[in-house]
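See below for the structure under consideration.
In each ligand, atom 1 is the first atom listed, and ligand 1 is the first ligand listed.
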Amino acid sequence: MSEAAGVRADASTADPGPGSTAADDAGALTADELDARDELAQRRGDFVLDGTVYLDGNSLGALPRSVPARIADVVEREWGRLRIRSWNESGWWSAPERIGDRVAGLVGAGEGQIVVGDSTSVNVFKALVGAVRLAREEHGYGSGDGGGRGAGRDEILVDAATFPTDGYIARSAARMTGATVRAVPVAGMAAAAGPSTAAVLVNHVDYRTGELHDLAALTSAVHRAGGRVVWDVCHSAGALPVELDAAGADFAVGCTYKYLNGGPGSPAFLYVRRELQHRFDTPLPGWTSHADPFAMSDAYEPGDGAVRGRVGTPDILSMLALEEALKVWDGVDVAAVRAKSLALTDFFLRQVRAYVPGGRAGRLRLRSLTPEAHQRRGSQISLLCEDVADADGPDGREDAAGARRGDVAEDVMNELHARGVVGDHRRPGVLRFGFTPLYTSFADTGRAARTLADVVLERGGEVGSRPRRGTGER
Ligand SMILES: Cc1ncc(COP(=O)(O)O)c(C=O)c1O
Ligand SMILES: Nc1ccccc1C(=O)C[C@H](N)C(=O)O
């Protein structure tokens, strides 16, 4: 990959930056040696895996082995035989907060602040409207929908590179509250927050580039400006330490189907900091968030604590699959997960650089979009893959004839899948590889790098020109 992009050929000489946890001598070790030293290696056996190298756990985590039997038990015994009794006897009713407490331990939150349920998108809505109402109440502008226009706290700032759902929801939330939305790159967010800022919505890790943002520093900056902040931690929960309480985060939302392995469509979570819970004015006050839901009262009275983030009846099958899946975290230290994640991504970059020197593979070019510095890197590597013969670049748009121009990355990823290496492709031109330390091995990582090199060299017209060895591989 090109030096111009700040990518160094030998990661062992790179300054890992403050907070680095990777072993200094890791650059000299082989995949087998790194696997032999890996304190999380045993966890791999907890998952259903096959011969595929699975690097898409940042989209859908692998299946923990114990989940199918638990789901069969929930269906056959709890639903099939106990039926309605299970709401109490099987703990169904209290599952959202019980499982929220389990997630809390993985995102630096004390108990009683997280509720599990709904999708991430729905939780972004609850949190963002809640944040706007809170900021306005604090600044004396009331919290009613439609109120506050021109009154001062009129702006919602949104991460300009956000995962789209957050931006869509923010624009709707703004229309409902009479606010406007301004898209701001995260690097300029602290400076952009000011006297008109009601709320700020930011991704902790950028889904496209894998860039990790400074949650504590930005939270403080937004607070200094008098606003409230909502963090989307979809790509950091279960991948690295999140420290919501320590950073003073106001709200956070995240999904559980990526690094938390809860399964397709498993319920998301909502964190509301304890001091704010009693002032959290949810825009979706469903009956299960009521202080006494079975009073079936006409008047809404919000429940205390995390319960206030509920809406309707919890999706028990998905929720209990998640609860079972979270057992793989028993005894796991998130700091160890982070150390391994950085070692895996370092190893992958080092191998790809060794196999594809300078990022040049004939007419194809590879360039890492993921920050080199450990403190700015999430748990994925995103490689921009361009065909230099395509003057228009990999924009993924359709030309007049309807053919998609440029996006050779899509072909490369399809071929990787055919060869048993599963990452994903994000238009335009990005190859995404997610590293999930509970089940990704260094051997997997080396194989992925080799296979990627083979494919890009073939596609770039340089068949057979791959150097025979990667760094640290015997
Ligand atoms: C950062 C981020 N936010 C939100 C979502 C999705 O939200 P939902 O769970 O509602 O589909 C994703 C991925 O799908 C994501 O990567
Ligand atoms: N929920 C999904 C359902 C289907 C396909 C992908 C997703 C993803 O989660 C994509 C992911 N958020 C991403 O960062 O691209």
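Within 4.0 Å of ligand 2, protein heavy atoms come from Ser59, Phe163, Tyr207, His235, Tyr257, Lys258, Arg426, Arg432. Protein residues having a heavy atom under 4.0 Å from any atom of ligand 1 are Ser119, Thr120, Ser121, Phe163, Thr165, Asp166, Asn203, Asp232, Cys234, His235, Tyr257, Lys258, listed by chain and number.
Scored by the ring pair (Phe, Tyr, Trp, His ring centres under 6.0 Å) test, Phe125 finds no partners at all (sequence neighbours excluded). His290 pairs by the ring pair (Phe, Tyr, Trp, His ring centres under 6.0 Å) definition with Tyr300, not counting sequence neighbours.
Taking a cutoff of 4.0 Å between a charged side-chain nitrogen and a carboxylate oxygen, Arg426 and Asp424 qualify as a salt bridge. At a threshold of 4.0 Å, the pair Glu137-Arg279 counts as salt-bridged, since one of the basic side-chain nitrogens sits closer than that to a carboxylate oxygen. Taking a cutoff of 4.0 Å between a charged side-chain nitrogen and a carboxylate oxygen, Arg182 and Asp154 do not qualify as a salt bridge.
Note: Tyr439 and Phe47 have tilted aromatic rings, judged against thresholds of 30 and 60 degrees for the angle between ring planes. A perpendicular orientation is assigned to the rings of Trp93 and Trp87, their planes being inclined by more than 60° (bins at 30° and 60°).
For CH2 of Trp287, the number of neighbouring non-hydrogen atoms (other residues, nucleotides, ligands) closer than 6.0 Å is greater than 12. Other residues, nucleotides and ligands contribute only 12 or fewer heavy atoms inside 6.0 Å of the CG atom of Asp304.
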